[in-house]
Structures are given as C-alpha cells and as structure tokens.
Amino acid sequence: MDQMNGIVQNVVRGVIVRMMIQNAPDASIITGDLQICEGESLSQLQANNPGGLWLGPQTQPLTGYISSSMISAGNYTINYFIFDGGCSNSDSISLTVIPQAVVEIIDPGLICSNESFITLNTNLTGGDWSGNNINTQSGVLDVNSLGAGTFNYYYTISGDCPAIDSIEIEINQFNDAEIIQPDDICVNDSPIDIQSVSFPGLWSGTGINNPLNGLFHPTGLSAGSYLITFQTYGQCNDVDSINMIINPLPEINFDIDPGSQCIGSNLQIINNSPNIANETYMWFIDDSLFSTHNSPSIQLELGGYHFSVEVTNQFGCIAEGDIEDNIIVYDTTPLPAPEIIRSTVINDMDVYTEWFPKQTAVNVIKEYVLFKSQDQLTYEYLGTLDPEINYFTDIEVDVYNQNYTYYVVSINQCNVASMASNISSSVLLGYEKPNEFQTLLRWTSYENWINGVNRYEIQKLNEFGDWEIIKVVNHDVNQSIIDP
C-alpha cells in the first residue's frame, strides 16, 4: 500500500483501490465556558469556523444567540456542530446559570417628621443600605434628624449576581396640636384666646363658640373645669386637650348692725362669707378706703354714706358689692313738733284728724303716737302710726254729745320723742238745703287755740283726691252759703 498526498493506494489481488482521507473541519468554540446570572443578556457565541449549528438551552441554532432570560438557574452544555464535505466535527462548552436575587424595598407608608426612628425593610436579607442618616446594616432611619422633605434610599446585595433597589420616601411635616396651657380665669371674666403651637386647626369644647379659633367665652359658665380640644389639619395631624379652669368669685354676704345708725353709735359690719380665711377685703365709704379688716366697725358723723367692698379670694378672683341704700347716721335731737291741720267730724259720726309732718334728711320720723281726750285734762293713748300715715279717723266718738281734743308726738329714728303738737278740737259740720240750688253749712266754733281762730277755710275733696279750698270766712263766722 502506498500513500501519497492524502491518497491511499492499496493493491489487493491485482486491484488497485485508491482512498482520499480529508481533514475534519475545525469546530473549536472560541467562547470559553460561561457563567451568567439569571436574566443576564449575552452576545452571540463564536467559533473558529462559523456556519455550524449551535445546540443548547434557549440557543439560536444559526447565530448562537442565547436568550438567557428564559433559562433557569443550573448547569448546562452548549454544543457546536460543523460540516465540511463529508466530514463533520463538534465542540462544546459548559454554561452555568447562577440564581439572580430580586430585591424589593417595602413601602414604609406614611412617615411624619415627629417620629424618632423608622426601619426600612426588604424582601431579602444580607444586603447593605445607603442614603442619608440610615444605618447600613439594620436599615434604621433617623427621621428626627432629617426633618420634612423627600429622600432617596438604596438596598444592595453583593455577590456574583448583585441586586439593588431604590425608594423615594417623603417625610411629611407633623402639625403639632400642643395647646399652650392658659392661666386659670374667674367667673364672668372677659373671653380668653387659647393658643396652640400650630395653626390652623379645629377647636371644640364648652365655651368655644367658633371652631376656627380658640377664643374661650366664660360668660354664663359656672366655676369648674372645662375640656378644650384642638385638632390640626394634614396627613400628619395631631390632637391635644386641656382643662380650662374657671375659679369662683368670692361670696359677698354681710349685714350692718345696727340697721339704723345714730350719732355716737358704732356701726359694725357682720361678714357672713363662708370663706373669710381665704379672702382679703377692702372696705370703702364714698370711694375712700377705710378698712381692710374682714369685719370692720366704725363710728360716723351725722350724714349719709355709701358703703362698698372689694373682695379677693385665694384664686385671685375679685368681686365687688355695695349696700343698695345709703347708710344714714341720724340726729338724736328731738324733731320739731308736728302741726295738726284739722280735726273734723265726717259722716256725722267720726272724727278725722290730719297733721303736717316736720322732719329733715338726717332727722327722720320713725312713727307717730296719737293721743285723745274728752275733758282736755286726761289724754289716753290712741295708737302708733307708720311715718307715711299723717291722718287718723276716730270711730270711737259721740260727735253730738261730746267734744274731743287730739295731739300727736313724732318719734325719730333714734327713738327720741318730739314735743307734743298743737291740740286740736273736733269741729261738727252740718248742712241744710234752703233751696234747690244752695247749701247752708254750719259748724261748731273752734275754741282750743290760745290766740283764737284766724279764719275758717271750707275745703272740698276734688276728683284727684286732694282737698281744695273753695271759700274762706272770718273767725267769728260759723256758717256759710255754698252756691253751686
């Protein structure tokens, strides 16, 4: 057998057989063994002699392009086949697909600037955090030091197939509703404007008339504690409450002893307040301070005085009070004797006596004492009358057979009696009708005045209830014709 130029010649039993031996095509793969991550993109595979066929997972046979996104993690073989004439050849490489971690930062939800710390979380562990004021290992974020604003954070997992995710978080401004505690107030104080550290918001509670402001109105409210609430607006709102304290006013309760004052008497103020030990007092006479004692006494001169007091209790609440009527210090000298105007027989059966009072602003009549006599020697007590009554009708009389005399004594506020009045005598008045148009009046002469009678006045009760003089006659006349 001879071999020449790749041609094999073999002589067998005189037959010459000629064979041609051809070299196999080179199928070497230039691309080395591959290690990729799940989902990683690759350039196409390369071989020394292109034009062959590729065979492997998700590998395009003609181009050698691998769609790695469809390949699960694991170990694979990629083969390359090439054909040249009747000869073929192949090569192979290994493909390792490494699992690719997919990291996702979990949304932390609403974050408010008043929070101290929050922790960011992910679906995987083992990575590192990056961003402002965050712990790289734990993911604890210092919210308090950041304040309100928008911030970006990243979570990275290292290794052959690293993974990263990011999140933009917003720290919202916290609207603090803290109410500044106001001072306590007193019953019937003016409205007070309650303040908060933030504005705006909504106010509520007893005494709040407008929810848009914190104006507290104590008018009409009794002493006590009233809950006031304030709520701010916004995503990061807040609620706060306080107790608004209304303190009671002092109780003003006092009497004057004695009720009626006379020159030389001691005026004593009797304080009936149940809280004297916790109160301070300022007593005034006609707006001038005269005592700070809780139950003062004073001796006053003749005249009229206005008393008032200002009381402050343990809460600093002030009340003012006064005596509605002036205190009058009365004179102790006797009043002038009253003057009897008339003692007249009325209705032909009774004696009507009327007198004129005599008094001053500081020497006032307290009462009248009326006396009566049938013989002008012995007088009997007839009665005591109130000072506004200056007349008396005596029904215990016999006007046709007896003559009566009367006198009056005035008693003043200091119980001092005046001199007796003039003595009056009953006058019997009668009439006749001499004709259809005239009236004849007759009366008994009045004889009890030392100097006699000056004149007689004939009076008539008019439609207003007043006595009206209709005729005057001389002292020596005891009858008169009254024309219509």
Side-chain angles (χ1 to χ4, degrees), residues 1-107 120-131 136-139 152-168:
M1 178 181 63
D2 297 326
Q3 182 174 354
M4 179 175 59
N5 297 324
I7 299 174
V8 179
Q9 182 175 286
N10 190 11
V11 179
V12 181
R13 296 180 183 180
V15 178
I16 299 173
V17 179
R18 182 177 287 180
M19 300 176 61
M20 182 175 288
I21 299 174
Q22 184 177 348
N23 291 328
D26 186 1
S28 300
I29 300 174
I30 298 174
T31 305
D33 291 336
L34 297 174
Q35 180 174 295
I36 64 173
C37 299
E38 285 181 287
E40 183 180 352
S41 298
L42 293 173
S43 60
Q44 66 183 56
L45 299 173
Q46 292 183 351
N48 278 331
N49 291 314
L53 295 175
W54 296 90
L55 181 64
Q58 300 297 321
T59 303
Q60 215 284 333
L62 298 179
T63 63
Y65 180 80
I66 299 175
S67 179
S68 59
S69 61
M70 304 296 292
I71 305 175
S72 301
N75 296 310
Y76 301 91
T77 298
I78 297 176
N79 296 290
Y80 181 67
F81 298 94
I82 190 170
F83 302 92
D84 186 8
C87 296
S88 65
N89 202 355
S90 66
D91 194 8
S92 66
I93 61 173
S94 63
L95 172 63
T96 300
V97 179
I98 302 171
Q100 174 63 63
V102 179
V103 63
E104 181 181 348
I105 300 174
I106 300 171
D107 188 346
L120 297 181
N121 295 293
T122 67
N123 61 328
L124 299 176
T125 59
D128 295 311
W129 290 93
S130 61
T136 58
Q137 298 300 312
S138 65
N152 292 307
Y153 291 92
Y154 305 88
Y155 187 69
T156 304
I157 294 180
S158 302
D160 293 329
C161 293
I164 188 170
D165 191 23
S166 65
I167 188 172
E168 181 181 84

For [X] and [Y], work out which heavy atoms get closest and say how close.
X    : Y   : answer
I82  : A27 : CG2-CB, 3.6 Å
Q100 : C37 : OE1-CB, 3.4 Å
A73  : I98 : CB-C, 4.2 Å

Rounded to the nearest 0.5 Å, how far apart are [atom1] of [X] and [atom2] of [Y]?
X    : Y    : atom1 : atom2 : result
Y80  : I93  : OH    : CD1   : 12.0 Å
D107 : L120 : CG    : CG    : 9.5 Å
Q35  : C161 : CD    : SG    : 7.5 Å
T59  : Q44  : OG1   : CD    : 11.5 Å
I66  : L45  : CD1   : CG    : 4.0 Å

Backbone N or O of [Y] within a donor-acceptor pair of the [X] side chain at under 3.5 Å?
X    : Y    : result
Y76  : G56  : no
D91  : I29  : yes
S166 : Y154 : no
N49  : D26  : yes
Y153 : W129 : no
N123 : V102 : yes
D33  : S94  : yes
D165 : Y155 : no

Indicate yes or no: at least one non-hydrogen side-chain atom of [X] is less than 4.5 angstrom from one of [Y].
X   : Y   : answer
S90 : N79 : no
C87 : P25 : yes
L53 : L62 : yes

Could you go through the side-chain contact (heavy atoms from CB on, under 4.5 Å) check for L95 and I71 one step at a time?
CA-CA 10 Å; L95 172 63; I71 305 175; 4.2 Å; yes
S92 vs T77, side-chain contact (heavy atoms from CB on, under 4.5 Å): CA-CA, chis, key distance, verdict:
CA-CA 7 Å; S92 66; T77 298; 3.9 Å; yes
Audit row: I78, T31, side-chain contact (heavy atoms from CB on, under 4.5 Å) steps and yes/no
CA-CA 11 Å; I78 297 176; T31 305; over 6 Å; no
T156 side chain to D128 side chain, donor-acceptor N/O pair below 3.5 angstrom:
no
